[in-house]
Structure formats: structure tokens, C-alpha cells
Amino acid sequence: MSLQCGSPTTLCPWCNRQFFAYTSIKPPFSTEQLRSNYPPTQEQIRTVSSLTEVAQTHLERYDEEIDRLESLLDKLKEERNQLQKDIDDCRSLLAPMRSLPEDVLREVFYFCWCSPSAEDFVSETFSAISGDHALIRGPGIGLSQVCTFWRALALSTPALWSRFSFDMAFLTEGVESEILSHLERSTGYPLSFQILDTLYHNSGPTTPRRSDEQKTVMLRLLTRIFAESSRWKRVCLSLAWTELDFAMLLDSLRTADASSSYFPLLESLQLFYFSAIIVPPDERQRFLATFQTATGLRAISLPQSLDDLLKLPYSQLQNLVLSNVSVLEDVFRLLHFCPNLTKCFLGIPQSPFAVFSSESPVTLPHLQSLTISSTSLLTSLLAIFSRLVSPELSSLTVQSHTKEYGVCAWPHTAFQTFLNRSACTLQSLSIDYIRMESRDIVRIIRRLPDLTDLRISEDDSSPTSRPGLISSELLTLLTPCLNRDGPNDGFDGVDELPFGMLPSVDADAPLLRRLKTLTFIMRSAVIENPTLVEQFLEMIELRCPSDELLEEDIEALESFTLLMPFHATYKHCWGTAPRYVPVELDQNAVDRLKAINTAGVKIVYNGNPL
């Protein structure tokens, strides 16, 4: 047995300082003896003990040298970080932002967070802030903590403090003080805010309840906010309505004079969990009646209850969201009062009660976007297509209410009658999580030759034994045949075709000559079918910008989005929950998508631009 020396380690290449020590011990017995119950002899014991003591001293030398080098490395890192900080500070002095005058910088703040183009009035940029600030989201808090100059500028810009969001579940006196500061600093500017209550809406058997002191703070703050009703502009309320004192809140509403509206500036109102089941009818009616004189109201979102909703000023509405439709006939009666609608969402969570009669059609002359979300799509679609007239309709979305496949036999005759009656030109169509045959999809889009935007969503929760919506037939009919003699619109004789019969591919391809934006959310089983993968890749490649497309009078695709979620479940303490994990294509398919992206079609693959 002996100590073995390794080559010296060079610690400094400039002064050639080296570290030398033993690197290993060569034992006087074999590996098999070490792994067995072999007892060493007395001579081996003395030899091993002697050399182990020597090796221990070398090990301590290693530790000392490592500690010295780590201390030196820590010192170098500290000095390096300080130098980097000094460089960053110097570079910040050269930042173009410093040369902007106050009025220009204030306009930048306003444009980013307070202008109409900023759809989300609550800024997500500055949400990770410590203390009570973390419980309030809004542009004023984050911008005021950048530097002294920005803080002074933010405090003197009321618009930055007029937009905020907070959760009543985390309400404290500190949060209350911050919200009151927002109201004071906004100095009369129109308010846009969102108030949530996750403690109430996510409650369970073990969820802690509010104490009397917490309820007092909540009512005190809401009373102060309701007192600013004359400044409300865009409001979203999702509260614990059963814990509120409606009389106190309504008494706190203020007007400029006796004849004024409580909400002269209100443009958008969203009320969640405000159904007749939760809120007593008399309190509900009294609360909604306060909005009758809101002359600026243009968008409403709330659970559907016809008797209460008719109290609202619907003739001026442009955006209507009904999230709990139960009687479709009531909806049609309500839509009669909304002639100026441009956007409508109908949420039908249960099988609706529909009356098919010879009632006059409901005409919405300005409606441009319609979304139907239902668990009983056939009944809902048949009733809506049979009654609605929308000459300006350009966008239609039909989806399963639960994001699990809803069984739907598409009412083709009613749909065609609706298109003929409305004489509208649909340009955008979304079919989301609906279980129907691919031939139904083909028949639908055959009637929409002017589509520029198509979205088809499948889901792995559907039975794998059923064919998907995105089938070989559909992909073939979407693929341009660039070697044909001349252009063909591909829509001749569609009404004479028997149900489910597809014409010859060569005669009718491609469908949707004006298509510019295409979105596929495909089942993960697609990657197990190389034929389908090859087909949709070829279809996208042939729709890339080219002279051949121009000659055939076919628009080139501008963007293609592909998402392939794998539907799975995972276990947690309450049971199981769904989980969607993106499934990846093979590298060859990804490379072809990248080549398509380079050719001029913007590709978004599993949520990431290529």
C-alpha cells in the first residue's frame, strides 16, 4: 500500500504557483476483498493506519486551499458585482428616458396604462411588490417606486391612480389605506377598478370566515368607493353579496344634484355571482335600478334574469354578456331592447328552454361579433339561427360551455337560412371543443367563402376512437392545387350535395381562398398519424406567399397557430384535476415550420413564436 501523487495543480499562470499533494491511496488488497467480509492482518492494519494519518494531513491541506480560493473567489465576485453596479449606474445616466420632458413622460405613462388602447385597465407589470402594495394592482404603485423623479411625476398624475384592482380576501387596514390613497390621488379622474373576493367564491368547509372586524373594514371601504359613483367608468364587482349591507351602500351613492345620474361616466359594468339565487330579489332590483340613468353605459356583463335586466338602459348598449341563460325566449325579448349591439356573448350552462314559434325575427343591425357557449348546442343554435337577423355579423364563435366535448349535430338548414336571411359576410369563425363530424366542418365552411380567420379546437378529453374535427378530408380541401388549369371557387352545388357527401378533391380544393389566419388546437393523437402531420404541413407550405397563389387568386396565409395539448389529470389533496401538457412534433416537422415562418407565414407553435 502506498500514497499516489498526481500532477501539480497550477494556481496562478502568471507566477506559476502550484499546489502539490497526494491524490489517492493504493490499498494492499483487491476490490473483491473490500466488498467481502475479509479481515485484514495486523501488519496491514498498521500500514493502513500509518498511511491514513499521512493522507489526512494532505486532505486538510486541500480543505485549507479550497477555503482560501473560495474566499478569494467571493471577494472577486463582490468586487465584480460592485463594478457592474457602477457601470449600470453610469449607463442609466445616458438612458434616453432621462431626456424626456415631464409632459412627454406623463403622456407615455398615460398611453401605456390609462389610454383606451390599453384593454386591461389593471397593470400586471408592477404586481410583485412587498407589503400591502402586493395586494393592490395598479400602475401608480409601481411607477412611484422607480425613482424620486418618477414618484413625484406619478403622484402628480391622477390618471395613474384611477385604475386599480384588489382582493377582499386579503383586505387589511393597510390595504384600505392604500385604496383610499388611490381615491384621493386620482382627484376627480374617472375610476376604473376591479374588486374580487376569492375568500367567498372559493369557499369550502375549511375556509376561514371573516371576523366582525374584517366585515366592518370591508363595508367601510365599499361605502367609500360607492360614494365615488359619479366617477365610475369601468367597474368589475365580484363580491360576497350576501355579506353586504345594500341599504348602506345605496345610501352612500352621491350625485352632483338631485336630477343627475348616480353613474354619469359609467361605460362598462361587470357583476359576477349577482344572480337572484344569491341576492334577494328586492335588493337586486333596487341595486340595478340605480343604473337606469347611466347614459354612458355601453357594456354590461351579468347573470341573466329578464325581469331585473329590463330595468337597465339597453337601447344604448354595444356589448352584452349574459352568462346564465336558461330561457332563450326571454333572451330574444331582451335583445329587442338592444338595437345598437355590436358584440354579444350568450352563456348557456344548462339545456335551455326554447320555444319554437312563428315569432318575428330579432334584428340586430349593428351586431358584428356573436359568441355562443352552451352544453346543449343543437337546441341553442337551432333557436338562435331561426330567430336572429344580423346583417353586419362578421365573427361567430361556437363553443362547449364546459371545455369538454359537447355533442352537437350542426343545424345546417337553420344555419343556411340564417346566412340568407341576414345576408352577412362572416370573416371569422371559431369552433371550440365541439364533438361533430369533420364533414360537418366542411359543410359549414363551404358556406363561408369570405372567411379570413378560422379557428378549430379539439381536445384530448374526447374519445380517441372518434375521428377528430381536423381530418384528412378537411386538410385536403384546404390545400391549394396549384397545378390546376384555372381558379375554381369550390362552392358550386353545395346545397345540392346529400348530407355528409364530399365532392371530389380536385374539383373543389381549396376551400377558403381568402384565409389569412388559421388556428388549430389538435388532439395529441395527431402526432401518431404521420399522414395527418404531413398533410397539414403541406397545406401550410402551399399557402405561403408565392406567385402561384396570386395566379390562382388565393390569399397567402399571414399567421398559423398550432397547439397540441395532451389531456391528463393529476392528483391533489381534493381529488383530481385536469392538466394540459403540450405535445411536441418531431424535429423534422419543427424544422419545416421554421422554414414556413421564414417564408412569410408567422408561426406560433405550442404558445411560442418560431
* Check whether any side-chain heavy atom of R298 sits under 4.5 Å from a side-chain heavy atom of Q316, and report yes or no. => yes

* Structure fact -> Value for CG (L537) from CG (L585), rounded to nearest 0.5 Å, stands at 7.0 Å

* Asked: How would you list, by chain and number, every residue that makes a salt bridge (charged side-chain N to carboxylate O under 4.0 Å, His left out) with K85, sequence neighbours excluded?
  -> D89

* Asked: Looking just at side-chain N and O atoms, do Q535 and S472 make a donor-acceptor pair shorter than 3.5 Å?
  -> yes

* Structure fact -> For L512 and L448 the tightest heavy-atom approach is CD2-O, 3.3 Å

* Report yes if some heavy atom in the side chain of T342 is under 4.5 Å from a heavy atom in the side chain of N319; otherwise report no. => no

* Structure fact -> d(L378 CG, I434 CD1) to nearest 0.5 Å is 11.5 Å

* F418 and I384: CA distance, side-chain angles, deciding distance, side chain to side chain contact (heavy atoms under 4.5 Å, CB included) verdict -> CA-CA 9 Å; F418 163 73; I384 293 171; over 6 Å; no

* Please check if any side-chain donor atom of T517 sits under 3.5 Å from a side-chain acceptor atom of D453, or the reverse. => no

* Verify side chain to side chain contact (heavy atoms under 4.5 Å, CB included) between F345 and L322, making sure each step is shown before the conclusion. => CA-CA 6 Å; F345 175 94; L322 299 178; over 6 Å; no

* Asked: If we only count heavy atoms from C-beta on, is the T379 to I348 side-chain gap below 4.5 Å?
  -> no

* To do: Run the salt-bridge test on E538 and R592 with the 4.0 Å N-O cut-off and return the result as yes or no.
  => no

* How about F536 and I470: do any of their side-chain heavy atoms sit closer than 4.5 Å? -> no

* **Closest non-hydrogen atom pair, G140 against A154** => O-CB, 4.5 Å

* To do: Measure the shortest side-chain to side-chain distance between L105 and W150 over non-hydrogen atoms and say whether it is less than 4.5 angstrom.
  => yes

* To do: Would you give the length of the straight line joining atom CG of D450 to atom OG of S428, rounded to the nearest 0.5 angstrom?
  => 13.0 Å

* S430 side chain to R455 backbone, donor-acceptor under 3.5 Å -> no

* **Worked check of side chain to side chain contact (heavy atoms under 4.5 Å, CB included) between R514 and D553** => CA-CA 9 Å; R514 303 293 170 252; D553 191 28; 3.0 Å; yes

* Asked: Which word best sums up how the rings of F385 and F415 line up, parallel for under 30°, tilted for 30 to 60°, or perpendicular for over 60°?
  -> tilted

* Hey, what do you get for CG (L451) to CG (L396), rounding to the nearest 0.5 Å? -> 9.5 Å

* Structure fact -> When every non-hydrogen atom of L317 is compared with those of A299, the smallest separation belongs to CD2-N, 3.9 Å

* To do: Can you measure from CG (N597) to OH (Y605) and round to the nearest 0.5 angstrom?
  => 14.0 Å

* With side chain to side chain contact (heavy atoms under 4.5 Å, CB included) as the test, would you mind laying out the steps for I596 and F560 before giving the verdict? => CA-CA 10 Å; I596 294 171; F560 174 64; over 6 Å; no

* Considering only heavy atoms from C-beta outward, does the side chain of H412 approach that of I444 to under 4.5 Å? -> yes

* How close do L469 and S457 get, heavy atom to heavy atom, and via which atoms? -> CD1-O, 4.0 Å

* Strictly by modelled atom types, are T371 and Q399 linked by a side-chain donor-acceptor pair under 3.5 Å? -> no

* Determine yes or no for a side-chain-to-main-chain donor-acceptor pair under 3.5 angstrom, with T561 supplying the side chain and V604 the backbone. => no

* Does some side-chain heavy atom of T476 sit less than 4.5 Å from a side-chain heavy atom of E473? -> no

* To do: Go through the structure and list residues passing side-chain hydrogen bond (donor to acceptor under 3.5 Å, both in side chains) with R106, not counting sequence neighbours.
  => S156, T157

* How many angstroms lie between atom SG of C344 and atom CG of L320, to the nearest 0.5 angstrom? -> 5.0 Å

* Asked: What's the shortest heavy-atom distance between E329 and R387, and which atoms?
  -> OE1-NH1, 3.2 Å

* Member of L474, L518, D432, L429 meeting the side chain to side chain contact (heavy atoms under 4.5 Å, CB included) criterion with I456 -> L474

* What are the two closest heavy atoms between R543 and I554, and how far apart are they? -> NH1-CG2, 4.0 Å

* Asked: Taking the side chain as C-beta and beyond, is there a heavy-atom pair between L388 and L393 under 4.5 Å?
  -> no

